[in-house]
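First up is the structure itself, then whatever we jot down about it.
Convention: sequence-line order gives letters A, B, ...; per-chain numbering from 1.
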There are 2 protein chains.
Amino acid sequence: MLTIGKLGAQAGVKVPTIRYYEQIGLLPEAGRSAGNQRLYGRKALERLAFIRHARDLGFTLEAIRDLLSLSDNPEQPCVAADAIARAQLAEVERRLARLTALKAELERMVVQCAGGKIADCRVIEVLGDHSLCSTDHRHLESEASP
Amino acid sequence: MLTIGKLGAQAGVKVPTIRYYEQIGLLPEAGRSAGNQRLYGRKALERLAFIRHARDLGFTLEAIRDLLSLSDNPEQPCVAADAIARAQLAEVERRLARLTALKAELERMVVQCAGGKIADCRVIEVLGDHSLCSTDHRHLESEASP
DNA sequence: CTAATGTCTCTAGCAACTATAGCTTCAAGG
DNA sequence: CCTTGAAGCTATAGTTGCTAGAGACATTAG
Ligand SMILES: [Zn+2]
Ligand SMILES: [Zn+2]
Ligand SMILES: [Zn+2]
Ligand SMILES: [Zn+2]
């Protein structure tokens, strides 16, 4: 049996994060020691490692919640899980496209600046006027984190 | 003079967002009409467009605050502005590298799944075990938004 | 003049944590 | 056995960049 600190160290997750996952129902309520401290077994470690890895791959906690409940029913078909993964892949591809455009614009800005006064700075100038940009990089749809 | 709604429409920024920018001091307090409604001139529109464009390029509000105060001093040298832009470029490049790795892993997962039961699903399997990954895609340093 | 927008303030909520405060429990050394 | 320090507990508030709602006032079109 692991204390919360050991569990966190093994899974690479900070202690308050584990408590947060329990609070939002992503981890089941842990058993407690005589002194009211949480205790975890191998299953909890596996579940937490799953969460951690999925987070590292950019899945949202909502998606992870669904993936976990799917993985609790091993006899079901896996199409739903695959769909979640494909949606995540599509999301990553959209961000990649946008970031690639941003990178191009930022490089252009930085390269074009001759390094004089603010009044002549290309960085400031381009930031004030999107028509100086070479791509249409604007935020069209919503976008989430990492 | 523009009302807040017209200003937002011209700059492509939602009305509550403008009020939010004023609240956090990114926009100066607007003048008011007789009936206490905010009124904006050309300078406010330019400033808001600058903010919007910088946001679209991924700068944080903190960075934008600095850029704006730099652009208010046109006689100063522009090295500080260029440094902010270069830092943003570096940030974008780091995210790009990470997202590229994520994309590779997600593609591998999706392709390898044969589409049977959850118990045999490669997606679920890989999520539970990072050693099945081909790259080290983990969250090493902190990372900010889109 | 009335009805439909538009605007006002204020508060609360979103994701996914992180930090703080003030307490209790545990493990190890003397 | 006792003390000290680390680790654990709860609860609350803060982070970023907005967005949504309630309820009241202003403006404008017909
Ligand atoms: Zn410059
Ligand atoms: Zn642009
Ligand atoms: Zn599958
Ligand atoms: Zn992995």
B:Gln23 has an atom CD; how far is it from atom P of C:dT7, in whole Å? 18 Å
Which ones in residues 26-44 of chain A lie close to DNA chain D, meaning a heavy atom under 4.0 Å from one of its atoms? A:Arg32, A:Asn36, A:Gln37, A:Arg38
What residues in residues 2-18 of chain A put a non-hydrogen atom under 4.0 Å from any atom of DNA chain D? A:Thr3, A:Ile4, A:Gly5
Listed nucleotide nearest any side-chain atom of A:Arg19, set C:dA16, D:dC9, D:dC18: D:dC9
Salt bridge or not between A:Glu91 and A:Arg94? Use side-chain N to carboxylate O under 4.0 Å. yes
Show me the pairs that pass ring-ring contact (aromatic ring centres under 6.0 Å, His included) and involve residues 90-110 of chain B, at least two apart or across chains. none
Pair A:Thr3-A:Gln37, side-chain donor/acceptor within less than 3.5 Å: no
Among pairs that include at least one residue of residues 74-105 of chain B, which meet ring-ring contact (aromatic ring centres under 6.0 Å, His included), considering only residues two or more places apart or in two chains? none
The complete set of side chain to side chain donor-acceptor pair (under 3.5 Å) pairs with one or both residues in residues 11-32 of chain A, sequence neighbours excluded, reads A:Glu22-A:Arg38, A:Arg32-A:Asn36
Atom pair distance, as rounded to whole Å: CD1 in A:Ile24 and P in C:dA16: 8 Å
Before accepting this row, confirm whether a basic side-chain N of the pair A:Asp56/B:Arg98 lies closer than 4.0 Å to the acidic partner's carboxylate O. no
Test salt bridge (charged side-chain N to carboxylate O under 4.0 Å, His left out) on B:Lys43 and B:Glu46; report intermediate values, then the result. CA-CA 5 Å; B:Lys43 279 191 62 173; B:Glu46 280 170 17; over 6 Å; no
Would you say a side-chain N or O of A:Tyr21 is under 4.0 Å from OP1 or OP2 of C:dC17? yes
Quick test of your reading: applying ring-ring contact (aromatic ring centres under 6.0 Å, His included), list the pairs with at least one residue in residues 76-132 of chain A, sequence neighbours left out, ordered by first then second residue. A:His130-A:His137, A:His130-B:His53
